[in-house]
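Okay, so here's the structure we're looking at.
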Amino acid sequence: MSYPKAVVFDLDYTLWPCWCDTHLRPPIMPHASGRSITDSAGMQLEFYRDVESIIHELRENGVLLIAASRTAAPKLAKEILTYLKVTDPATGQKVSSIQMFDTLQWGQGTKINHIKKACATLDISWKEHSLILFDDESRNKDVRKINVQFAHVPDWDKGLTRSIFDRVLQEWRENNRQGGMKSASSD
Ligand SMILES: [Mg+2]
């Protein structure tokens, strides 16, 4: 099965159910399990249910992972990614989820800029490789202008789900089938 060169994730309401810059009251504390964090007001936060298995699948298949967020609190977002743990497919060990990301991009404005910066950092081209952005905000669909497939994550209760992920990946495979068939027939 083919996979994109890189997958881009928004954070707030795509990977976890809050705006970390407005809903969380620092300092935050990790839970010993690595599955959640608690803020100073007692609010608990964890990844949406299917996020870990999706990260796992992408890493297992050599896909580069990019985070692209407009949050006003990147330091806090990094702390959340440090405290929330996932299983690294390379070792089978639980590691900070931040280690599963190849680059983290922050800032206001269009995510075209986040993605261009990420591609420069990773030395890949958005022109040659078709990437996917998963994001709850449909205004970010402007990334289509640079050939990035936009995948809307519409439900704040469920966030990024396995069914959205599988459907989008299937669409990506169909859109990119021509390239795959060409290379197969030239063998
Ligand atoms: Mg968001």
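In what follows, every heavy atom counts, from backbone to side chain, and hydrogens, waters and symmetry copies are set aside. Both ligands and their constituent atoms are indexed starting at 1 by order of listing.
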Output yes when [X] and [Y] qualify as a salt bridge under the 4.0 Å nitrogen-oxygen rule, no when they do not.
X	Y	answer
E52	K94	yes
E171	R167	yes
R59	D102	yes

### Message
Just checking Y13 against W19, ring centres under 6.0 Å apart?
### Response
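When the ring centroids of Y13 and W19 are compared, they turn out to be within the sub-6.0 Å range.
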### Task
Sort by chain and number the protein N/O/S atoms found under 2.8 Å from the Mg ion (ligand 1).
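Less than 2.8 Å away from the Mg ion (ligand 1) sit D10 OD2, D12 O, D136 OD1.
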### Message
List the residues meeting side chain to side chain contact (heavy atoms under 4.5 Å, CB included) with S125, not counting sequence neighbours, and say none if there are none.
### Response
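For S125, the residues satisfying side chain to side chain contact (heavy atoms under 4.5 Å, CB included) (neighbours in sequence not counted) are K127, E128.
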### Query
Closest heavy-atom contact between L65 and L58?
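Residues L65 and L58, closest heavy atoms: CD2-CD1, 3.7 Å.
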